[in-house]
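Below, chain A is the first sequence line, B the second, and so on; all start at residue 1.
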There are 2 protein chains.
Amino acid sequence: MSQERDADRSPALPRTERWHTRVTLKEIAAHAGVSRSTVSLVMQESPLVAETTRQRVRESAETLGYVYNRGAATLRSARTATVGVIVHDVANPFFGALVAGIDEVLEPAGYVPFLANSDDSQERQARFLSRLREQRVDALLLCPAEHTPAALIDQLGEWQLPCVQIMRHVGETPLGDYVGADIRRGVGEAVAHLVTLGHRRIALLAGESDHSADRERLDGYRQAMRAAELDANLMLSRGGLSRRAGRERTLALFAQTPAPTALICHNDLVALGALLALRHLGLHPGIDCAVVGIDDVEEATLTEPALTSIATQPRACGRAAAELALTRIASPLGAPRQIVLPATLHVRETTAVPPVDAKESS
Amino acid sequence: MSQERDADRSPALPRTERWHTRVTLKEIAAHAGVSRSTVSLVMQESPLVAETTRQRVRESAETLGYVYNRGAATLRSARTATVGVIVHDVANPFFGALVAGIDEVLEPAGYVPFLANSDDSQERQARFLSRLREQRVDALLLCPAEHTPAALIDQLGEWQLPCVQIMRHVGETPLGDYVGADIRRGVGEAVAHLVTLGHRRIALLAGESDHSADRERLDGYRQAMRAAELDANLMLSRGGLSRRAGRERTLALFAQTPAPTALICHNDLVALGALLALRHLGLHPGIDCAVVGIDDVEEATLTEPALTSIATQPRACGRAAAELALTRIASPLGAPRQIVLPATLHVRETTAVPPVDAKESS
DNA sequence: GGATTCTTTTGGATCGATCCAAATCAGGGA
DNA sequence: TCCCTGATTTGGATCGATCCAAAAGAATCC
């Protein structure tokens, strides 16, 4: 920490930053000929202060190279202008887009996001949560890890920490603030679409853990299958949700007879895995077997054939969640809101009429 | 901010958290019968304090539901236990993995990362940077946005903000701390591999902006091409780096004659786009045209045929960068370190001997 | 027993902002 | 000129930790 730089302080050159003597409100006050309080008001963009003073103070701050000390402000005012974000897999492009959406809203509002990866582990989630409490974040944006107990939301309430759940929620119905997509309806629409095309053996490649996102897919599927007078339990597969798992689970499904003629996949990664599997089996997606993904990630439009997918709009969800968090910070006692964005089916090339033999045999 | 809740303090029920009267060191001190200073020492895990007192204090903190106030500590000690992370595209799986690696190291060290997306925009990068300064982050992990001036690093130095550059660095040679992969050698190895297989018309699908990551690919390519006595300028394509751009640029390359027999792509996204283009043209990757990607993302092993790729190990880079940042925080004046991880070629199915006609015609 | 050392504990002072009640200022009307 | 009103400005007190020099206790040695 060499501080012996004072030598080069030539008064002619007002260096923007002096060495290691941090500029504080006090220095600005002295420089601008006002009190600390006034400077503070200027920094808070308060309308109380006169325009001319405001200008003078701003200039002083500028020439002295002042950097606002959010930490000091926090101590007194209990606002940190930070928000915690917990997702279960940053490496998944879906969450990448989600995080980008969050960022988009927080940034102009002057908020900064803390980000962590729970990796769907309770323990990591809990550890990060306590870090965030130490940092006194103003709010939390949470995609809860698997098996998160419903009590967590109550706990957060006791801790006075506003929380917006995203895409998944703990407990049966969302108790607190929540932003997600209307997956149930989206899946229903997909099933109806496939039924209209003539499909009968429609498989659902679901997840294996019983959280809300999973349940909604299942509910939408069951309900639509029932409506079409088809057996929903016959073609239900539960398992992992990676691209690799999608591939393997599809191979497994095709090992049984009768094989499905259409696959609805928990997310696009699984769907892309399914495409790989079909190609491996020498089958043509969209001709020999229909495939529907969920999320509509950018990649979906680029595969050959292009993937039919239910758009969950991660970016829009991220934006909505961040906005909700900001309003909740502004009014902590307002009524919780549940925002459910429409999930619309984007029909592309992987859904077409089933092969003739399959249609007849059902 | 009503604080008039003191009435309901029933001594019989030691609620874990009282309403709105935050527990501070003072309360713990009173409860444990020691001074504030001692409690502070316990919280800092100082070895000075006796084991028995330590235990007692810990228990008091526990029963009172104390949450450490990092902000208050920061004010006095000038350490925030936070680190800023700026990447240019969170939605890219490569950066997802990188961020995951960073997280992996910071979390156990008790640090929390602020994350932002520069979207390769100078302006967004600058705005976030000033936010981070306000928050007094202890260090910065930066994948500099395109066209970032070399002066930025000096500026950060003046601001006393330790910075580790990742994957890209500003200026000709990395001036400060840096973590990246040995792309130059990796690309060289790829060219040599292709030459050994018999390829002569080896194209490079490079980026169009002139940052270090780009230059390294170019240098590696030119050098290896020269070594093989091939013309490096003939088959050089510059352009966008998305999957879509990869597809389109490949189509463009194949519109010219003679078409290349091998493609080395700036990253795996571009390579995957190239695979789509080849398939679209009715060509078989690995048979009609070799394709090499860079990064070796998970998806590379799953395409059919599997993609040959140069592994840049984003997760390992993230870890190394975070570790370097931690050591730099511990000793700000230590000599800058440049860590270059090996980039090894993973040969898979998309690289094979060139088609006979192409070999003869060269 | 008292001096000496080592271990543990402690009371202000301090970091840099915000909050709030009170002081000051400027302009208008009687 | 003086009072009143509304617009600005201001000086402590305060938030909750850390730092530091010094005090208190315990152990050791002569």
Side-chain angles (χ1 to χ4, degrees), chain A residues 1 18 20-58 60-61 64-82 110 133-136 138 160, chain B residues 1-3 18 20-58 60-61 64-82 110 133-136 138 160:
Chain A
M1 313 254 180
R18 273 189 257 66
H20 235 253
T21 45
R22 290 260 188 222
V23 182
T24 72
L25 286 197
K26 204 164 77 183
E27 274 87 71
I28 299 178
H31 188 270
V34 291
S35 73
R36 285 177 359 249
S37 304
T38 306
V39 181
S40 174
L41 290 174
V42 172
M43 293 306 156
Q44 293 170 76
E45 322 239 277
S46 160
L48 288 181
V49 50
E51 181 57 24
T52 62
T53 355
R54 204 189 64 77
Q55 292 243 336
R56 197 146 36 92
V57 169
R58 282 252 114 96
S60 295
L64 293 178
Y66 172 70
V67 179
Y68 185 74
N69 188 329
R70 182 86 49 178
T74 294
L75 186 53
R76 191 79 239 268
S77 69
R79 256 192 75 253
T80 54
T82 61
R133 290 223 294 155
E134 289 183 2
Q135 298 284 357
R136 299 284 193 272
D138 293 333
Q160 319 251 101
Chain B
M1 316 254 179
S2 64
Q3 269 149 288
R18 270 187 258 67
H20 239 250
T21 46
R22 289 263 190 220
V23 182
T24 73
L25 285 197
K26 206 163 76 181
E27 274 88 71
I28 299 179
H31 189 271
V34 292
S35 72
R36 284 180 356 256
S37 305
T38 305
V39 181
S40 174
L41 290 174
V42 172
M43 292 307 156
Q44 294 171 75
E45 323 238 279
S46 161
L48 287 181
V49 53
E51 181 57 23
T52 60
T53 356
R54 206 189 62 77
Q55 293 243 335
R56 199 146 36 96
V57 170
R58 282 251 114 94
S60 295
L64 294 178
Y66 173 70
V67 179
Y68 185 76
N69 188 328
R70 183 87 49 183
T74 294
L75 186 52
R76 190 77 239 269
S77 69
R79 258 193 74 250
T80 54
T82 61
R133 290 222 294 153
E134 288 183 1
Q135 297 284 356
R136 299 284 193 273
D138 294 333
Q160 318 252 101

Inset, instruction - Round to a whole Å and report the spacing from CD of A:Glu134 to P of D:dG16. - result: 16 Å

Legend entry - Nearest-nucleotide pick for A:Leu75, side chain only, options being D:dA17, D:dC15, C:dT10: D:dC15

Inset, instruction - For B:Tyr68 and A:Arg136, work out which heavy atoms get closest and say how close. - result: O-NH1, 3.3 Å

Inset, instruction - Report yes if at least one side-chain N or O of B:Thr38 is closer than 4.0 Å to OP1 or OP2 of C:dT10; otherwise report no. - result: yes

Inset, instruction - For the residue pair B:His31 and B:Ile28, establish whether any side-chain heavy-atom pair is separated by less than 4.5 Å. - result: no

Legend entry - Proximity to the side chain of A:Ser37 - top-ranked nucleotide from D:dT10, D:dA17, C:dA17: D:dT10

Legend entry - Euclidean distance, atom CD of residue A:Glu51 to atom C1' of D:dT8 [Å, nearest integer]: 14 Å

Inset, instruction - Nearest whole angstrom, please: distance from the P of C:dC19 to the CG of A:Leu25. - result: 12 Å

Inset, instruction - Write down the distance between CE (B:Met43) and P (D:dC19), rounded to a whole number of angstrom. - result: 15 Å

Legend entry - Pairwise 5' ranking along DNA chain D for A:Leu41 and B:Asn69, keeping only the more 5' one: A:Leu41

Legend entry - Proximal nucleotide (of C:dT10, C:dG16, C:dT14) relative to the A:Ala72 side chain: C:dG16

Inset, instruction - Take atom CD of A:Glu45 and atom P of C:dA17, then tell me their distance rounded to the nearest Å. - result: 16 Å

Inset, instruction - Check whether any side-chain N or O of A:Gln44 sits under 4.0 Å from OP1 or OP2 of C:dA17, and answer yes or no. - result: no

Inset, instruction - When you get a sec, tell me which of C:dA17, C:dG16, D:dT9 is the closest nucleotide to the side chain of A:Leu48? - result: D:dT9

Inset, instruction - Write down the distance between CD (B:Gln135) and P (C:dA17), rounded to a whole number of angstrom. - result: 13 Å

Inset, instruction - In whole angstrom, give the distance that lies between atom NZ of A:Lys26 and atom C1' of C:dT14. - result: 11 Å

Legend entry - Contact under 4.0 Å: B:Ser35 side-chain N or O vs C:dT10 OP1/OP2: yes

Legend entry - Atom-to-atom span, CD of B:Gln55 to C1' of C:dT8 - whole angstrom: 16 Å

Inset, instruction - Please determine if B:Glu45 and B:Arg58 form a salt bridge, counting it only when a charged side-chain N lies under 4.0 Å from a carboxylate O. - result: yes

Inset, instruction - Considering just the side-chain nitrogens and oxygens of B:Thr74, establish if one lies under 4.0 Å of OP1 or OP2 belonging to C:dC15. - result: no

